There are 2 protein chains.
Amino acid sequence: MQMYSTDMTGRQKIFAMDSLFRALADRTRLRLLNLMAGQEICVCYFIEVTEESQPKISRHLAYLRRAGIVAARREGKWMHYRITEPQDAAGRRVLREVLSWLREDKAMQADRARLARACCKPEKFVSIQGAPPPTALAISTRTSSSRMEAR
Amino acid sequence: MQMYSTDMTGRQKIFAMDSLFRALADRTRLRLLNLMAGQEICVCYFIEVTEESQPKISRHLAYLRRAGIVAARREGKWMHYRITEPQDAAGRRVLREVLSWLREDKAMQADRARLARACCKPEKFVSIQGAPPPTALAISTRTSSSRMEAR
DNA sequence: AGAATACATTTGCATGTGCGTATGTGTCTA
DNA sequence: TAGACACATACGCACATGCAAATGTATTCT
C-alpha cells in the first residue's frame, strides 16, 4: 500500500507532482541533483564544482529540501545532501529517468568530472580543505525508510 | 545521430531540459497532457473536461506549444492538439514516465473518465456539439518526423 | 457580406522566483 | 569564551508566471 500525503479533496498528490517539476525547473537545481546522483555530497563541493555563490547553492538546496527531493545530514561543521526518492513507484521512475537524462548531458558530465577531480586532489581546491568526501549511497530501492533529518 | 538545438556554448540542451520541467510545473498543463496522452484532442474538449475558462486553456496550450511538447493542427474551426515526443531518447523516456505517472493519479483518471463520457454522449455537452472527437495516435515511436504546424 | 463559432492574444494586476548582499546560526578550535 | 569556519536565512530588487476580463482572428454559415 502506498501512502499519499493526501487531503480531504484527494488532490494533494497532484500538488506533489507539479511541485516536483517546479523543483526540477531550474538549471542550478538540476546541476545539484546530477552531482547528488548515487552519492551523498557536502555543500562545499557543490560550491566548488558549480563555481556559484554559497548563498545561491544553499538557497537551491533549501528549495529541493522543501520539495522533499533531498534530505540533509549534519556532520560537524559540514552539511551533507542526498536525494530521497519519491514514495510511489511511478514518481520514483520519473525521477530516475530524469537522473539518467542528466547523466547523458555533456555539461552535466563535465560537472561530474570536475567533482571527481576535486575529490581526488582536494589539496588543489582551497575551499574544501579537510571536507569529508562524497560517499556512495546504497542502491536505495528503499522507499524513504530510515529517513534522516529532512528539515 | 541526434540533432540538438545547440548553440556555440553547447549548453542549449540544458536549457531544453529545465524548459521541459517548467512546462510540466503547472497543474493545468499536466491535466492537458494527461488528456492528450495517446490521442489528438480538440480544444473544446479540454474546456469541457477541465471546466476551466477558454483563455486559460488556450494560454496553457500555447505554453506547451512554445516548449515544443505539443503540436497543433487546424481542422476548420477546430484546433487539435497532440503531444510531440522529444527527439533524444532519454528525454522521451522522461516524458513517457511522466505520462504513466499521470495515468496512475486519481484526479487524472477522473479527467479521462469525464473525457470518455463527453465523447460517448456529446449531445449532453452543449459546448462540443459537432466537434470532432479525439483520435487515437500511432504508438509514436517516431522522433517527431512528419511534423505538422508547430506554431 | 454579416453574423456566429472556435480559439488566440493582449492587458492589467497579483504572486512567485532568482539573484546578490548582508546577516544570522551552529560547530569546532584555541 | 572568542574567533574562525561552514552553512542558512532575510532583504530588496528585477523579472517570469498565472489569472480574469476584454479584444482580436480565422473559419463557417446564411
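Note that the structure is predicted; figures quoted are calculated from it, not measured. FYI, side chains are in, hydrogens and waters are out, and symmetry mates aren't considered; it's all heavy atoms of this structure. Note on naming: letters A, B, ... go to the chains in the order of the sequence lines (proteins, then strands), and numbering restarts at 1 for each one.
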Discussion item. What does the B/S/- profile of nucleotides 17-22 of chain D look like, 5' to 3', with a 4.0 Å heavy-atom cutoff to protein?
Written reply: SSBBBB
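- Counting only heavy atoms from C-beta on, A:Met79 has its side chain closest to D:dA8 among D:dA8, D:dC5, C:dA8.
- Put simply, the side chain of A:Arg92 gets close to the backbone of A:Pro86: a donor and an acceptor are under 3.5 Å apart.
- Note on ring orientation: taking the six-membered ring where Trp is involved, the planes of A:Phe21 and B:Phe21 are parallel (angle under 30°, cut-offs 30° and 60°).
- Salt bridge absent: A:Arg93 and A:Glu85 never bring a charged side-chain N and a carboxylate O closer than 4.0 Å.
- In this structure, CD1 of A:Ile47 is placed 12 Å from C1' of D:dC5, rounded to the nearest angstrom.
- Pairing each heavy atom of B:Val49 with each of B:Arg31, the nearest pair is O-NH2, 4.0 Å.
- Remark: B:Lys77 pairs with no residue by the side-chain hydrogen bond (donor to acceptor under 3.5 Å, both in side chains) rule, at least two apart or across chains.
- Distance CZ (B:Arg66) to P (C:dT9): 8 Å, rounded to an integer number of Å.
- One interatomic measurement links the two molecules: NZ of B:Lys77 to P of D:dT27, which rounds to 13 Å at whole-angstrom precision.
- A:Trp78 places its CH2 atom 17 Å from the C1' atom of C:dT25, with the value rounded to the nearest Å.
- Remark: B:Tyr81 is not in phosphate contact with C:dA6, judged by side-chain N or O atoms under 4.0 Å from OP1 or OP2.
- Nucleic acid contact class of A:Phe46 (heavy atoms, under 4.0 Å, all strands): none.
- Distance CG (A:Leu64) to P (D:dA8): 12 Å, rounded to an integer number of Å.
- Atom OH of A:Tyr45 and atom C1' of D:dC7 are 16 Å apart (whole Å).
- Between the side chain of B:Glu97 and the backbone N or O of A:Ala90, no donor-acceptor pair lies under 3.5 Å.
- Distance, A:Glu75 CD to D:dC7 P: 11 Å, rounded to whole Å.
- Residues meeting the side chain to side chain contact (heavy atoms under 4.5 Å, CB included) test with B:Arg59, sequence neighbours left out: B:Lys56.
- Put simply, CZ on B:Arg65 is 10 Å from C1' on C:dC7, counting in whole angstrom units.
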